[in-house]
Amino acid sequence: MKILLLGKGGQVGWELQRSLAPLGELVALDFDSTDLCGDLSKPEELAQTVRRVAPTVIVNAAAHTAVDKAESEPDFARALNAQGVGALAREAQALGAWMVHYSTDYVFDGTGSAPWTEDSPTGPLSVYGRTKLEGEQLLRQECARHLIFRTSWVYAARGQNFAKTMLRLAAEHDRLTVVDDQFGAPTGAELLADVTALALHRTRAAAGAALAGLYHLAAGGETSWHGYARFVIDFAQHGGMALKAVGDAVQAVPSSAFKAAAPRPANSRLDTRKLRDTFGLVLPHWQTGVARMLTETLQRSA
Ligand SMILES: NC(=O)c1ccc[n+]([C@@H]2O[C@H](COP(=O)([O-])OP(=O)(O)OC[C@H]3O[C@@H](n4cnc5c(N)ncnc54)[C@H](OP(=O)(O)O)[C@@H]3O)[C@@H](O)[C@H]2O)c1
């Protein structure tokens, strides 16, 4: 395989650099790469990059992920999340290449409590959700050999994440308030990257083309942001971290307690049966990955 990876410095992109390496030659770019253009907002230059690299697989981990900011710059969000994806997809199709792409629970309106399947009706509430949905649609139209992984609540050990923010706030304040009416599964960038590599490996088989499609990919189980925060803080406290806000001092509040530019879906549960059955995979419980990430974080800060 010759793999062109976009968004190499992001949460998922960073882990993909590790997980994709054993599959073949990897050309990894960011939006400010100099030799080759990896900027999703420049479709012409991006197309030239694909023609020069001539990959057998394009993996796009780049996106406009600033959910609230996207509300005030919808054209830019669309350029990255939809038009840039469309440009890559057309080039992938011209080469007969596979294209892997990531999408989001934000394509749903968040009603009800049942996990969303790949066939559930979409209804994005935000610019981010709408532009990500457009990106999915363009990819499906333009490139036959596509893998789209919709995921939720992504975290990574590298850089900032919700868990680290909660630990910082719990160390600084006597009391924390965290939303308890949005539900989903925190999903590690490591898991997304590993599943991507396993899925791509499977596409090499004779019947690989039949694997093309849209899949929900999230860690097992579910929680609220409040449940997530409580798990993180309890884990760190038991690991010996000095925290002020622990136990009941981590209080549950409704989403209405926080003002955000972009509405969040209340129900972000994703039904992952299709992915598990198609690829014969087990998706570990969200606490497994979060505990691992916290262990590494706590060891590093010790
Ligand atoms: N994060 C989540 O909770 C979440 C949930 C569901 C789905 N997803 C999806 O999962 C995928 C990966 O997300 P992530 O969490 O890894 O996001 P991320 O950490 O924000 O990474 C996105 C990457 O895209 C880069 N980028 C920004 N503008 C660009 C441009 N014009 N051209 C090319 N690259 C550009 C960013 O660079 P800079 O950092 O330098 O700006 C960053 O490296 C995305 O498709 C996202 O929509 C994420």
Side-chain angles (χ1 to χ4, degrees), residues 4-19 28-34 36-47 49-50 58-70 73 75-85 87-88 99-108 110 116 124 126-136 138-139 146-163 165 182 184-193 195-196 214-219 225 228 262 264-265 268-270 272 286 289-290:
L4 174 62
L5 169 65
L6 284 309
K8 71 171 184 177
Q11 297 191 94
V12 178
W14 179 256
E15 289 297 331
L16 282 166
Q17 290 192 64
R18 169 189 57 77
S19 74
L29 302 178
D30 234 335
F31 78 97
D32 57 356
S33 294
T34 46
L36 292 161
C37 174
D39 187 338
L40 281 187
S41 71
K42 297 180 177 157
E44 290 304 322
E45 288 95 322
L46 208 52
T49 295
V50 178
I58 297 174
V59 180
N60 178 37
H64 188 306
T65 56
V67 174
D68 290 320
K69 204 168 169 214
E73 49 186 35
D75 293 342
F76 188 52
R78 180 162 290 108
L80 271 58
N81 292 341
Q83 290 152 354
V85 176
L88 287 172
M99 180 159 156
V100 181
H101 180 64
Y102 303 90
S103 190
T104 167
D105 52 299
Y106 281 53
V107 300
F108 296 114
W116 303 102
S126 60
V127 168
Y128 172 71
R130 273 195 296 283
T131 56
K132 290 295 291 182
L133 182 59
E134 286 171 35
E136 286 185 12
L138 282 170
L139 175 50
H146 61 264
L147 291 171
I148 302 171
F149 297 120
R150 274 191 197 142
T151 188
S152 65
W153 298 17
V154 177
Y155 67 86
R158 185 169 173 266
Q160 269 315 308
N161 62 42
F162 173 82
T165 303
Q182 294 170 24
T187 300
E190 278 185 348
L191 179 66
L192 292 167
V195 170
T196 300
L214 167 68
Y215 298 92
H216 286 179
L217 166 49
W225 291 105
Y228 185 7
R264 270 63 174 166
S268 287
R269 300 172 180 92
L270 297 176
T272 59
W286 66 268
V290 172

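One-based numbering, in listed order, for ligands and for the atoms of each.
For a threshold of 3.5 Å applied to N or O pairs, the pair formed by Ala62 and ligand 1 contains no separation below that value. Annotation: Gly10 places an N or O atom under 3.5 Å from an N or O atom of ligand 1; distance criterion only. Remark: ligand 1 and Ser152 share no N or O pair separated by less than 3.5 Å (distance only, no angle test). Considering backbone and side-chain N/O of Tyr128, one or more are found under 3.5 Å from N/O of ligand 1. Taking any N or O of Val12, backbone or side chain, at least one lies under 3.5 Å from an N or O belonging to ligand 1. Ligand 1 has a nitrogen or oxygen under 3.5 angstrom from a nitrogen or oxygen of Leu40.
Short contacts between ligand 1 and Asp30, defined as distances under 4.0 Å to a heavy atom of the residue, involve ligand atoms 43 (O). Of all atoms in ligand 1, numbered sequentially from 1 with element shown, those under 4.0 Å from a heavy atom of Leu80 are 28 (N), 29 (C), 30 (C), 31 (N). When each atom of ligand 1 is checked for a heavy atom of Thr151 under 4.0 Å away, the hits are 6 (C), 7 (C). Every atom of ligand 1 with a heavy atom of Tyr102 under 4.0 Å away is listed here by number and element: 10 (O), 11 (C), 45 (O). Remark: ligand 1 atoms within the under-4.0 Å shell around heavy atoms of Gln11 are 1 (N), 15 (O), 16 (O), 19 (O). Here is the list of ligand 1 atoms found below 4.0 Å of a heavy atom in Gly38: 32 (N), 33 (C). Near Gly9, the atoms of ligand 1 lying under 4.0 angstrom from a non-hydrogen atom of the residue are 43 (O). Close contacts between ligand 1 and Lys132 involve ligand atoms 44 (C), 45 (O), 46 (C), 47 (O) [criterion: under 4.0 Å to a heavy atom].
Taking CG of Leu16 as the start and NZ of Lys8 as the end, the distance is 13.0 Å to the nearest 0.5 Å. Separating the OG atom in Ser152 from the CZ atom in Phe108 is a distance of 11.0 Å, to the nearest 0.5 Å.
At the top of the distance list for atom 4 (C) of ligand 1, counting protein heavy atoms only, stands Val154 CG2, 3.4 Å. Looking at atom 20 (O) of ligand 1, its nearest protein heavy atom turns out to be Thr65 OG1, 2.6 Å. Ranking the protein heavy atoms by distance from atom 31 (N) of ligand 1 puts Asp39 OD1, 2.8 Å first. At the top of the distance list for atom 26 (N) of ligand 1, counting protein heavy atoms only, stands Ala63 O, 4.0 Å. Distance from atom 40 (O) of ligand 1 to its nearest protein heavy atom, with residue and atom name: Phe31 CE2, 3.2 Å. In terms of protein heavy-atom proximity, atom 22 (C) of ligand 1 is nearest to Ala61 O, 3.8 Å.
Of the possible polar contacts, none joining the Gln182 side chain to the Trp225 backbone as a donor-acceptor pair under 3.5 Å is found. Side-chain atoms of Thr49 come within 3.5 Å of backbone N or O of Cys37 as a donor-acceptor pair. Judged by distance alone, with hydrogens and angles left aside, the side-chain atoms of Ser126 form a donor-acceptor pair with the main-chain N or O of Gly129 at under 3.5 Å. When atom types are taken as modelled, the side chain of Thr187 and the backbone of Ala219 share a donor-acceptor pair closer than 3.5 angstrom. One N or O on the side chain of Asn60 and one on the backbone of Ala62 form a donor-acceptor pair closer than 3.5 Å. The main-chain N or O of Tyr102 is found under 3.5 Å from a side-chain atom of Lys132 such that the two form a donor-acceptor pair.
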Between side-chain atoms of residues 155-162 and protein atoms elsewhere (two or more places apart, or another chain), which donor-acceptor pairs fall under 3.5 Å?
residue	atom	partner	partner atom	Å
Tyr155	OH	Gly289	O	3.3
Tyr155	OH	Val290	N	3.0
Arg158	NH1	Gly9	O	3.3
Asn161	OD1	Ala163	N	3.0
Asn161	OD1	Lys164	N	2.7
Asn161	ND2	Ala156	O	2.7

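Note that atom 16 (O) of ligand 1 has protein non-hydrogen atoms nearby, at separations under 4.0 angstrom. Closer than 4.0 Å to atom 36 (C) of ligand 1 lies none of the heavy atoms of the protein.
Arg150 pairs in a side-chain contact (heavy atoms from CB on, under 4.5 Å) with only one of the listed residues (Val107, Thr272, Leu217, Thr104), which is Val107.
Within the structure, the closest approach of Ser103 to ligand 1 falls below 4.0 Å when heavy atoms are considered.
A heavy-atom distance below 4.5 Å is not found between the side chains of Phe31 and Leu40. Within the 4.5 Å cutoff, the side chain of His101 has no heavy atoms near those of the His146 side chain.
Neither side chain, Asn81 nor His64, offers a donor N or O lying under 3.5 Å from an acceptor on the other.
Residues passing the side-chain contact (heavy atoms from CB on, under 4.5 Å) test with Arg130, sequence neighbours excluded: Pro124, Val127.
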